[in-house]
Amino acid sequence: MSNLTQLTLKDAVDGLKSKQFSSTELTDAFIGAIETANPALNAYVETTFDKARAQAAASDAKLAKGEGGRLEGAPLGIKDLYCTAGVRTTACSGILSNFVPTYESTVTQNLWDDGAVMLGKLNMDEFAMGSSNETSHWGPVTNPWKSRGSNAALTPGGSSGGSASAVAADLCLAATASDTGGSIRQPAAFTGTVGIKPTYGRCSRYGMVAFASSLDQAGPITKTVADSAILLQSMCSHDAKDSTSLTVPVPDFASFVGKSVKGLRIGVPDEYRLDGIPAEIDALWEQGIAWLKDAGAEIVKISLPHTKYALPCYYIIAPAEASSNLARYDGMRYGHRTADGTALTDVYELSRSEGFGKEVKRRIMIGTYVLSAGFYDAYYVKALKVRRRIAEDFLNAWNSCDVILTPATPSAAFELGDQAKAADPVAMYLNDVFTVTTNLAGLPGMSVPAGLDSQGLPLGLQVIGKALDEGTVFAVGAALEQAAGFSAKPSKWW
Amino acid sequence: MAIDVATVKKVASLSRLREPEDRLQALSGELSGILGWIEQLNEVDVAGVEPMTTAVEQPTPLRDDVVSDGDKVAQIVANAPKTAEGFFIVPKVVE
């Protein structure tokens with residue numbers, strides 16, 4: 001088989017089980033693809049090919065005996081946010097540039113327990129703070145997609161830009177990612193891939209480098225909705241090492257893929273029609289509504305009145321939690337320590353200022369400011385109260401609908417080095433305008449590729465579900481996927 | 001709210017960050033811009049609303065108060081910039 005790297009995760013796992021090809025062949029095909037593409041795309045910041053070959057050989061031995069887990073022999077990419085024992089994990093920050101964990105994150109351990117093969121660590125925005133992958137210590141990722149008739153390098157989005165780019169360019173079957181304000185769904189939308197952030201607490205955060213603990217959640221980026229169901233199934237588990245890990249059973253997500261959406265009530269929130277959004281985004285949304293109507297769903301107008309306050313609310317809560325979480329990087333126990341200075345405070349300040357990038361420092365300072373004496377109630381406590389208002393909006397909406405359909409992003413992928421966004425942090429933050437509400441409310445949200453814009457770039461639709469109701473999100477996501485028939489791939493220019 | 005250069009310096013110090021002088025003016029503009037944009041939250045009526053600190057509605061789990069892990073000195077100091085005999089070497093803390 002010549003196109004092994006183009007297989008979906010589902011087809012690859014089935015092919016391995018039925019011995020159409022071996023994990024070693026599949027793994028070697030991906031290694032070849034990464035060696036060719038990575039100098040151009042910069043999706044991987046660390047490759048683990050020796051480990052991958054050893055894991056593949058072990059999987060082949062199991063598969064030969066008719067044994068193996070649900071991901072047996074499947075080569076995956078891992079976002080550099082997940083601690084991997086013995087494999088450098090940097091969260092793409094200079095301050096962790098030499099960090100080699102001595103333990104494994106729960107999510108990745110679940111994948112290895114199910115037989116997956118690790119190809120390497122995927123690029124991301126530093127500490128997951130960014131929407132274009134340009135804050136990475138290791139340089140930006142390039143989107144495999146290009147605008148029609150242009151050679152300009154585009155962003156794959158962020159923060160899970162490496163994950164999205166690697167999946168779109170067939171450099172892994174599927175990838176882990178993480179989402180604090182949209183970091184799975186926005187890059188998935190920018191690259192024609194599927195990404196889901198499950199309900200907060202579904203996946204253990206143990207061993208994930210922390211950004212904003214009450215918002216961070218793991219999830220997959222994959223080629224299809226069915227693949228997302230398979231990978232998310234493995235990633236989810238109850239874990240005593242994470243006090244916010246849910247003790248509820250994990251349903252069989254794949255059983256919802258292909259389920260009829262007939263009779264489901266699809267909420268369409270008025271507040272997501274924003275001024276200044278390209279007409280193509282609105283048109284795609286209307287198309288999505290029409291598809292679900294054709295499939296027998298009922299369309300319901302809903303109101304989420306506090307939507308416009310979600311981003312400013314997030315930009316208090318997330319930096320506040322980040323300033324606290326990132327206090328651990330002090331140059332003492334691990335991470336970068338300055339070569340200058342001998343007094344304690346000098347060493348703290350210089351180590352941190354040398355190790356952190358510009359955006360991370362900006363957010364630490366915002367967080368410190370809103371938590372500081374005199375401003376704590378006016379900013380931080382106020383934001384926590386607005387957060388509840390936003391969560392209540394959704395609770396009210398569920399009285400009249402089962403699931404919500406919105407655009408995933410306010411634009412298609414933009415150029416790397418976009419000057420307007422570089423000069424104005426708030427302009428960059430607006431990328432998450434449609435995704436951030438679900439993080440604040442803790443709800444599951446999926447981005448599904450639904451079409452191309454006039455420049456030939458992918459656009460996504462977002463499906464938001466009730467807490468713990470990923471099943472309905474998978475059913476609706478699969479219905480959209482089927483109706484859209486999205487099969488476009490970026491042309492291989494690398 | 002405008003964040004002047006003196007406030008930037010104070011916040012940097014509270015954050016244990018040391019920004020070069022030539023960056024302070026720019027930071028003052030960037031932070032003022034972000035906080036100015038955040039001010040729109042004042043439009044929201046939050047009278048009687050409880051702060052929402054978590055999206056998980058389950059009680060904090062408790063475990064038995066017993067030793068569950070340990071004897072990992074080598075792993076704990078494995079990534080330290082400076083160590084000696086299983087200890088972290090840090091700058092002088094007490095004069």
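Just so it is clear: chains get the letters A, B, ... in the order the sequence lines come, proteins before strands, and each one is counted from 1.
Inspection of non-hydrogen atoms places A/Y315, A/I316 of residues 314-323 of chain A under 4.5 Å from chain B. Residues of residues 6-18 of chain B lying within less than 4.5 angstrom of chain A, judged on heavy atoms, are B/T7, B/V8, B/V11, B/A12, B/S13, B/L14, B/S15, B/R16, B/L17, B/R18 in numerical order.
With a 4.5 Å cut-off on non-hydrogen atoms, B/R23 touches chain A through its side chain but not through its backbone. For A/F356, the part lying near chain B is the side chain, with the backbone staying farther off; criterion is any non-hydrogen pair under 4.5 Å. Proximity to chain B is limited to the side chain of A/V347, based on heavy atoms less than 4.5 angstrom apart. The parts of B/I38 that come within reach of chain A are both its backbone and its side chain, each placing non-hydrogen atoms under 4.5 angstrom from that chain.
The residue among A/T368, A/V370, A/L443, A/I390 with the most heavy atom pairs within less than 4.5 Å of chain B is A/T368. Counting heavy-atom pairs closer than 4.5 Å to chain B, the top residue among A/T244, A/T345, A/D346, A/N98 is A/D346. Comparing A/L215, A/L246, A/T342, A/T199 by heavy-atom pairs within less than 4.5 Å of chain B, the highest count is held by A/L246. Between chain A and the options B/A26, B/A80, B/P81, B/P20, heavy-atom pairs under 4.5 Å are most frequent for B/P81. For chain A, the option among B/A78, B/S68, B/P61, B/P51 with the highest count of heavy-atom pairs below 4.5 Å is B/P51. With chain A as the partner, the residue from B/E57, B/K72, B/E43 showing the most heavy-atom pairs under 4.5 Å is B/E43.
Between B/P91 and A/L344 there is a side-chain heavy-atom pair separated by less than 4.5 Å. In this structure, B/L41 and A/Y379 have side chains that are not in contact, with every pair of non-hydrogen atoms separated by 4.5 Å or more. At a threshold of 4.5 Å between non-hydrogen side-chain atoms, the residues B/N79 and A/R333 do not count as touching.
Residues meeting the ring pair (Phe, Tyr, Trp, His ring centres under 6.0 Å) test with A/Y376, sequence neighbours left out: A/Y380.
Judged as a side chain to side chain donor-acceptor pair (under 3.5 Å), the pairs with a partner in residues 419-430 of chain A (not counting sequence neighbours) are, in order, A/E359-A/Y429.
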>> Run the side chain to side chain contact (heavy atoms under 4.5 Å, CB included) test on B/W37 and A/L311 for me, step by step, so that the C-alpha distance in whole Å, both residues' side-chain angles and the decisive distance to 0.1 Å come before the verdict.
In response: CA-CA 10 Å; B/W37 169 69; A/L311 264 182; 3.8 Å; yes
>> As a quick check of understanding, evaluate side chain to side chain contact (heavy atoms under 4.5 Å, CB included) for A/H306 and B/V44, giving each step before the final call.
In response: CA-CA 8 Å; A/H306 294 89; B/V44 187; 3.7 Å; yes
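Shown here for B/G33 and A/V426, the closest heavy-atom pair between the two residues is O-CG2, 4.4 Å. Taking each heavy atom of A/S353 and B/E19 in turn, the nearest pair found is OG-OE2, 3.6 Å. The two residues B/L31 and A/R362 come nearest to each other via the heavy atoms CD2-CG, 3.8 Å. Taking each heavy atom of A/G442 and B/A55 in turn, the nearest pair found is CA-CB, 3.7 Å. Annotation for A/K382 and B/N42: closest pair NZ-CA, 3.9 Å, computed over non-hydrogen atoms. Pairing each heavy atom of B/Q40 with each of A/Y309, the nearest pair is O-CE2, 3.4 Å.
Note that CZ of A/R389 and CG of B/D45 are 6.0 Å apart. Values are rounded to the nearest 0.5 Å. Going from atom CD1 of B/I89 over to atom CE of A/M332 covers 11.5 Å, rounded to the nearest 0.5 Å. Considering CG of A/L384 and OG1 of B/T53, their distance stands at 7.0 Å, rounded to 0.5 Å.
With respect to the salt-bridge test (charged N to carboxylate O, under 4.0 angstrom), the residues A/R388 and B/E50 do not qualify.
The environment of B/F88 atom CZ is dense: over 12 non-hydrogen atoms of other residues, nucleotides or ligands sit within 6.0 angstrom.
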